[in-house]
Protein chains: 2
Amino acid sequence: MEPQPTAVSPPIHLRIADDLRMQIERGDLAPGASLPTLADICERYSCSMNSARSAITLLKAQGLITAGRGRAPVVRIPPGKVVRSSERHQAEKDLARRPASERAGIGEAETNLNMSIVDQVFDSTYDTITAGSQLAEVFGIATSDLLLRRRYISKDTRTDRLLSFSTSYMPVSLVSSNPDLMDETKEPWPGGTQHQLSTVGVEIMCMVDQVTGRMPTTVEAQQWGLPDGVPLLLCRRISLDANNRTVEVSDAEYPADRTELRFITPLKPWRKKASTKS
Amino acid sequence: MEPQPTAVSPPIHLRIADDLRMQIERGDLAPGASLPTLADICERYSCSMNSARSAITLLKAQGLITAGRGRAPVVRIPPGKVVRSSERHQAEKDLARRPASERAGIGEAETNLNMSIVDQVFDSTYDTITAGSQLAEVFGIATSDLLLRRRYISKDTRTDRLLSFSTSYMPVSLVSSNPDLMDETKEPWPGGTQHQLSTVGVEIMCMVDQVTGRMPTTVEAQQWGLPDGVPLLLCRRISLDANNRTVEVSDAEYPADRTELRFITPLKPWRKKASTKS
DNA sequence: GAGTGGTCTAGACCACTGT
DNA sequence: CAGTGGTCTAGACCACTCC
């Protein structure tokens with residue numbers, strides 16, 4: 001009759017997962033340590049194999065553990081994070097006005113350091129598409145207007161995993177005066193996109209980064225070599241010129257477990273004294 | 001003998017999940033539409049219920065569908081995203097020098113608009129902790145030095161779900177000269193943290209936002225009212241004064257499915273002509 | 001080869017949703 | 001009340017790791 005407010009005990013697999021999670025958070029199970037085997041679990045909690053398995057599946061989906069055939073599940077060791085700082089925007093802009101000798105060797109902004117160059121393969125693909133409703137709105141152009149789409153991929157040749165992935169859009173009308181900008185064989189371009197745009201008289205004055213996240217699909221997780229339970233960070237970067245016209249849009253994705261996006265916001269100083277008499 | 005390179009077909013539940021995912025991405029299954037029932041699936045793919053169920057579980061974990069007892073699973077409708085812009089930093093700074101009458105009513109920066117105030121309850125809790133190794137490094141202080149920790153929570157009183165959650169740290173040595181700053185009953189403080197710091201002679205000149213993401217734990221998902229497969233965005237904001245001293249650190253989390261973090265980076269102009277004769 | 005987790009099946013009961 | 005998905009069991013086979 002009377003509903004028991006909170007008396008119902010949660011399902012067994014949730015209680016197991018919660019128990020293990022608390023052990024991990026308390027440090028009883030340090031990163032890298034092995035969790036109890038499924039057999040251990042179903043004995044200790046007197047449940048079936050499949051319930052123990054559900055608990056493990058949940059912890060995997062939460063990114064707390066890594067499991068694989070033949071090995072007991074292991075508390076995940078968080079990988080170090082690669083910092084991607086917005087200071088790069090200004091650095092790339094400054095570089096665009098330097099002589100070609102300085103720009104040489106510094107190609108795309110997305111190059112991965114921290115790893116020998118020989119193991120990386122970089123690939124860029126150019127094509128031309130119609131804007132479509134979503135991008136047309138961002139650029140303030142017609143949906144049928146043409147955009148140059150440039151897709152950049154770099155991979156680790158040993159593991160065949162993605163290292164970086166981004167797509168850039170620019171109006172064809174903006175770049176067509178310099179045919180080199182539409183030629184993918186000119187990649188990697190010394191000095192990056194900001195120098196490319198400088199050749200058609202465009203100076204970028206402001207960048208807007210829009211960051212969100214979601215879970216990867218099965219194929220994305222495979223391409224990046226992501227363990228279970230690791231989200232993707234999505235970053236759309238919009239470049240504006242002095243007239244607040246959108247000149248480039250760039251969509252990039254990053255594995256959240258090994259990426260930190262860093263944004264620097266300088267603040268304008270207060271006037272000397274707020275109480276200065278006018 | 002010879003290993004068949006890619007001939008092995010993937011497990012049945014992955015093939016089902018992939019098939020359904022493609023139907024969703026192609027638009028054959030529009031957002032809001034019902035997926036086939038488990039019975040349908042295990043007939044169509046001639047598999048057992050549990051395999052069909054695994055496929056559904058995977059799609060849930062990827063955030064593509066929503067499922068619940070008694071209802072066929074449904075293609076998730078992406079909620080609109082609330083934009084949190086770094087322009088707020090400057091706006092809050094400007095506000096700090098305005099008279100109290102203007103500052104009044106504008107409390108914490110994390111207030112949620114777009115919903116009637118009566119349904120929100122705001123709670124702030126202050127306490128004092130020792131810095132510990134991680135925060136000590138950020139502040140450049142000793143691990144045993146004291147920090148004022150302020151925790152802010154706002155909830156929807158109807159659903160009892162979290163609307164915002166953040167934690168702020170400031171060195172006690174910095175704020176102790178104004179006892180009001182350590183008194184939680186003074187919240188919400190008109191004008192926010194930047195005005196609070198101005199009362200002890202601190203002007204924030206730069207903010208650094210560090211963004212990453214991870215999956216929520218079971219309790220976090222419950223507190224936020226998150227459906228399966230939705231990551232949390234984590235943002236640590238570090239405030240620096242004119243001497244590049246860290247004066248405040250703020251950790252906030254946001255549900256990735258309904259949040260877009262936006263960062264504006266103004267770029268310094270090129271000098272008039274690179275070819276100007278010196 | 002022993003032990004592990006991953007896949008898969010068949011079948012049961014329950015909580016919840018629709019009508 | 002019929003049908004749905006969520007939970008749970010018991011048992012089987014396989015791929016993989018470690019010894």
Side-chain angles (χ1 to χ4, degrees), chain A residues 1-20 29 32-61 64-76 218 221-222 227-229, chain B residues 1-20 29 32-61 64-76 218 221-222 227-229:
Chain A
M1 281 301 129
E2 45 214 8
Q4 295 177 339
T6 351
V8 291
S9 74
I12 181 67
H13 71 270
L14 288 185
R15 277 186 291 132
I16 298 172
D18 235 45
D19 201 16
L20 292 172
L29 291 167
S34 293
L35 277 79
T37 65
L38 290 185
D40 286 348
I41 291 174
C42 64
E43 186 191 3
R44 196 179 307 176
Y45 297 87
S46 46
C47 67
S48 77
M49 278 286 234
N50 276 354
S51 297
R53 204 184 303 283
S54 307
I56 294 299
T57 302
L58 178 59
L59 292 175
K60 269 198 303 184
L64 292 173
I65 65 172
T66 306
R69 275 199 246 248
R71 268 194 321 263
V74 160
V75 180
R76 179 145 334 153
T218 309
Q222 191 184 320
D228 284 332
Chain B
M1 279 299 132
E2 45 216 6
Q4 293 178 342
T6 352
V8 290
S9 75
I12 181 68
H13 72 270
L14 289 185
R15 277 187 290 132
I16 299 172
D18 235 45
D19 201 16
L20 292 172
L29 291 167
S34 292
L35 277 79
T37 65
L38 290 184
D40 287 346
I41 291 175
C42 65
E43 186 192 2
R44 196 179 308 177
Y45 298 88
S46 47
C47 67
S48 76
M49 278 284 233
N50 275 352
S51 297
R53 203 184 304 282
S54 307
I56 295 298
T57 303
L58 178 59
L59 292 175
K60 270 198 302 183
L64 292 172
I65 66 172
T66 307
R69 274 199 256 247
R71 267 195 321 262
V74 159
V75 180
R76 184 159 313 167
T218 309
Q222 190 185 322
D228 285 331

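Residue numbers begin at 1 in each chain, while the letters A, B, ... track the order of the sequences. What you are looking at is a predicted structure, and each value in this text was computed from that prediction instead of being measured.
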Figure out the [atom1]/[atom2] separation between [X] and [N], and round it to whole Å.
X	N	atom1	atom2	result
I41(A)	dT4(C)	CD1	P	12 Å
Y45(A)	dT9(D)	OH	P	14 Å
H13(B)	dT9(C)	NE2	C1'	14 Å
I12(A)	dC8(D)	CD1	P	7 Å
L38(B)	dC8(C)	CG	P	15 Å
I65(A)	dT4(C)	CD1	C1'	14 Å

### Query
Between dG5(C), dG5(D), dC8(D), which nucleotide gets closest to the side-chain atoms of T37(B)?
dG5(D)
### Summary
Looking only at dG6(C), dG5(D), dT4(C), the nucleotide nearest the A67(B) side chain is dG5(D)
#### Entry: Check: P10(A) main-chain N/O paired with R15(A) side-chain donor or acceptor under 3.5 Å
yes
### Query
Do the side-chain N or O atoms of S51(B) get closer than 4.0 angstrom to the phosphate oxygens (OP1, OP2) of dT9(C)?
yes
### Message
So I56(B), base contact, sugar-phosphate only, or nothing? Heavy-atom distance under 4.0 Å.
### Response
nothing
### Query
Where along nucleotides 10-19 of chain C does protein come under 4.0 Å, by heavy atom, of base (B) or sugar-phosphate alone (S), with - for untouched nucleotides?
BB---BBSS-
Using side-chain heavy atoms (C-beta onward) and a distance below 4.5 Å, is [X] in contact with [Y]?
X	Y	value
V75(B)	L35(B)	yes
I65(A)	L20(A)	no
I16(A)	C47(A)	yes

### Query
Considering all heavy atoms of both residues, which atom of A67(B) and which atom of P73(B) are nearest to each other, and what is their separation?
CB-CB, 4.1 Å
### Query
Considering all heavy atoms of both residues, which atom of M49(B) and which atom of A39(B) are nearest to each other, and what is their separation?
SD-N, 4.3 Å
